[in-house]
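Data first, discussion second: the structure below is written as structure tokens.
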Amino acid sequence: MRHVIALDVGGTGTRAALVGLDGTLLHEERRATARERGPEAVVASVLGLAEDLRARGRTHYGTAALAAGVAVPGSVDTARGVAVHAAGLGWHDVPLRDLLSRRLGGTPVALGNDVRTGGLAEARLGAGRGTGRFLFVSLGSRVAGAIGIDDTIETGAHGGAGEIGHLVVRPGGPPCACGGRGCLEALASAEAVGRAWAVASGRPSADAADCARAVEAGDEAASAVWRAAVAALADGLLTALTILDPRTVVIGGGLGRAGATLLTPLRTALAERVTFQKLPAIVPAALGDTAGCLGAGLLAHDLLATADAVRPAVAQAPR
């Protein structure tokens, strides 16, 4: 069966799959990234996993993968196929596309940012499907976004479109990993909520999921932490609505798993802030942790579709 390789590289593990050209999930697995051994070991882990998947495809499905798609965190130069910067992996200017293609015997490879790749999956297969215009917001250890237009994702002139986490919502506020202060990410990420709740609860190991459970149990201190994060998120989304005018906002990431505990007060807070802006539907992401891997498969599929579209034109070109 004809298929592609899909890889979603995370801070601690890489999700991987073989996906048929009809979208059928043929095989999936997860492997540790070996981050503790340094950035070169992470690259070696990803290359080794891709090679193993290629061999599995030959053995079980009678042919090697036709293409591969890989989603990675941080800044990505998709045109050059370079992972420009991924702090959690220690990567700087890693030519991952070419490294993978060589390891896979010349197989074409597409490289994308993890959140935008996840947004692509939500656009075509998940909560953004059929909405026309949507904003995908991932509330994980960081806050990032993807701008959906029909079944594509807007990447921007330099590959940085959708970085909603670095909108300044509290000028002079807490420091952000980007070097700024008062960014949305520093106030409304799962990591930020977890830090705030650890201090408020006096439990250093407490995290955002603990805070959500305490909110649901009626704990007032937890509710105060939660309200502050929701207010910051609503302020950031208001700016995004003003600029982008999306029909739908899709909320994903670890904090998004809180469901109505997050979405109900968020909808209220945003409704209180809009003036002339049109209030979008605010819905949970549909694909969860599988979005990045599914999106990577779509990147590979698109690569094949582009190649197929170019071949007739090349064949018919005058000599």
Run the numbers on D52 and R31 for salt bridge (charged side-chain N to carboxylate O under 4.0 Å, His left out), then give the verdict.
CA-CA 11 Å; D52 290 349; R31 190 175 296 182; 3.1 Å; yes
Do you reckon V84 sits in the same ILVMFWY cluster as V9, going by side-chain contacts under 4.5 Å, direct or chained?
no
Audit row: L262, L139, side-chain contact (heavy atoms from CB on, under 4.5 Å) steps and yes/no:
CA-CA 11 Å; L262 174 68; L139 303 173; 3.8 Å; yes
Checking T268 side chain against T264 main chain: does a donor-acceptor pair fall under 3.5 Å?
yes
Between the OG1 atom in T33 and the CG atom in L89, the distance rounded to the nearest 0.5 Å is 6.5 Å
Could you report the tightest heavy-atom contact between G295 and A121, atom names first, then the distance?
N-CB, 3.7 Å
Side-chain heavy atoms nearer than 4.5 Å, only ILVMFWY residues, links allowed to pass through others: does that put L304 and M1 together?
no
Nearest 0.5 Å, please: how far is CG in D210 from OG in S201?
8.0 Å
Are the side chains of T248 and P280 in contact, using a 4.5 Å heavy-atom criterion?
no
Assess whether side-chain contact (heavy atoms from CB on, under 4.5 Å) is satisfied between C293 and E28, documenting all intermediate values.
CA-CA 9 Å; C293 201; E28 60 180 329; over 6 Å; no
Could you see if L184 belongs to whatever hydrophobic cluster contains I282? Use Ile, Leu, Val, Met, Phe, Trp, Tyr and a side-chain cutoff under 4.5 Å.
yes
For F134, what are the other residues in its hydrophobic cluster, where any two members join if their side-chain heavy atoms are less than 4.5 angstrom apart?
V115, L120, L125, F136, I153, V250, V283, L287, L294, L298, L299
Separation between CG (L244) and CD (Q277), nearest 0.5 Å, reads 12.0 Å
Contact summary for P174 and L187, nearest pair of heavy atoms
CG-CD2, 3.8 Å
Does S101 use its side chain to pair, donor to acceptor, with the backbone of R97 at less than 3.5 Å?
no
Who are the salt bridge (Lys or Arg N to Asp or Glu O under 4.0 Å) partners of R195, not counting sequence neighbours?
E191
Output every pair passing salt bridge (charged side-chain N to carboxylate O under 4.0 Å, His left out) with a member in residues 144-155, not counting sequence neighbours, ordered by first then second residue.
R133-D150
To the nearest 0.5 Å, what is the distance between CZ (R2) and CG (L21)?
5.0 Å
Between the side chain of H60 and the main-chain N/O of R56, is any donor-acceptor distance below 3.5 Å?
yes
Just how far is it from atom OH of Y61 to atom NE2 of H3, taken to the nearest 0.5 Å?
8.0 Å
Tell me the salt bridge (charged side-chain N to carboxylate O under 4.0 Å, His left out) pairs involving residues 252-268, sequence neighbours left out?
R257-D289
Here the ring pair (Phe, Tyr, Trp, His ring centres under 6.0 Å) pairs for residues 200-255, sequence neighbours left out, are none
Is there a side-chain contact between L266 and I251, using heavy atoms and a 4.5 Å cut-off?
yes
Treating Ile, Leu, Val, Met, Phe, Trp and Tyr as nodes and any side-chain heavy-atom pair under 4.5 angstrom as an edge, say whether L167 and V137 lie in one connected cluster.
yes
Answer yes or no: does atom CZ of R129 have more than 12 heavy-atom neighbours from other residues, nucleotides or ligands under 6.0 Å?
no
Backbone N or O of A16 within a donor-acceptor pair of the E29 side chain at under 3.5 Å?
no
Would you mind checking if E185 and R142 are paired as a salt bridge, meaning a charged N to carboxylate O distance below 4.0 Å?
no
Between the main-chain N or O of L26 and the side-chain N or O of T24, is there a donor-acceptor pair closer than 3.5 Å?
no
With a 4.5 Å cut-off on side-chain heavy atoms, are D114 and V72 touching?
no
For L25 versus A17, what's the shortest heavy-atom pair and its separation?
CD1-CB, 3.6 Å
Taking all non-hydrogen atoms of both residues, which atom of W197 and which atom of D207 are closest, and how far apart?
CD1-O, 3.7 Å
Shortest non-hydrogen contact from L7 to A296?
O-CB, 3.5 Å
Between R181 and G173, is there a donor-acceptor pair closer than 3.5 Å when you use the side chain of the first and the backbone of the second?
yes
Find the distance between OG1 (T242) and CG (D245) and round it off to the nearest 0.5 Å.
9.0 Å
Does the side-chain contact (heavy atoms from CB on, under 4.5 Å) test come out yes or no for L111 and D77, once each step is laid out?
CA-CA 8 Å; L111 182 68; D77 185 331; over 6 Å; no
Using modelled atom types only, decide if a donor and an acceptor are shared between the side chain of S189 and the backbone of A186 within a distance under 3.5 Å.
no
Between R30 and D8, does any NZ, NE, NH1 or NH2 come within less than 4.0 Å of an OD or OE carboxylate oxygen?
no
For a side-chain contact (heavy atoms from CB on, under 4.5 Å) check, start with the C-alpha distance between V42 and V94, then their side-chain angles and the critical distance, and finish with the verdict.
CA-CA 11 Å; V42 177; V94 177; over 6 Å; no
Minimal heavy-atom distance between L53 and I5, with the atoms involved, is CD1-CG2, 3.8 Å
Consider only side-chain heavy atoms of I, L, V, M, F, W and Y, link residues closer than 4.5 Å, and tell whether V230 and V199 are in one cluster.
no
For R273, what residues pass the salt bridge (Lys or Arg N to Asp or Glu O under 4.0 Å) criterion, not counting sequence neighbours?
D235
Is any side-chain heavy atom of L237 closer than 4.5 Å to one of V249?
yes
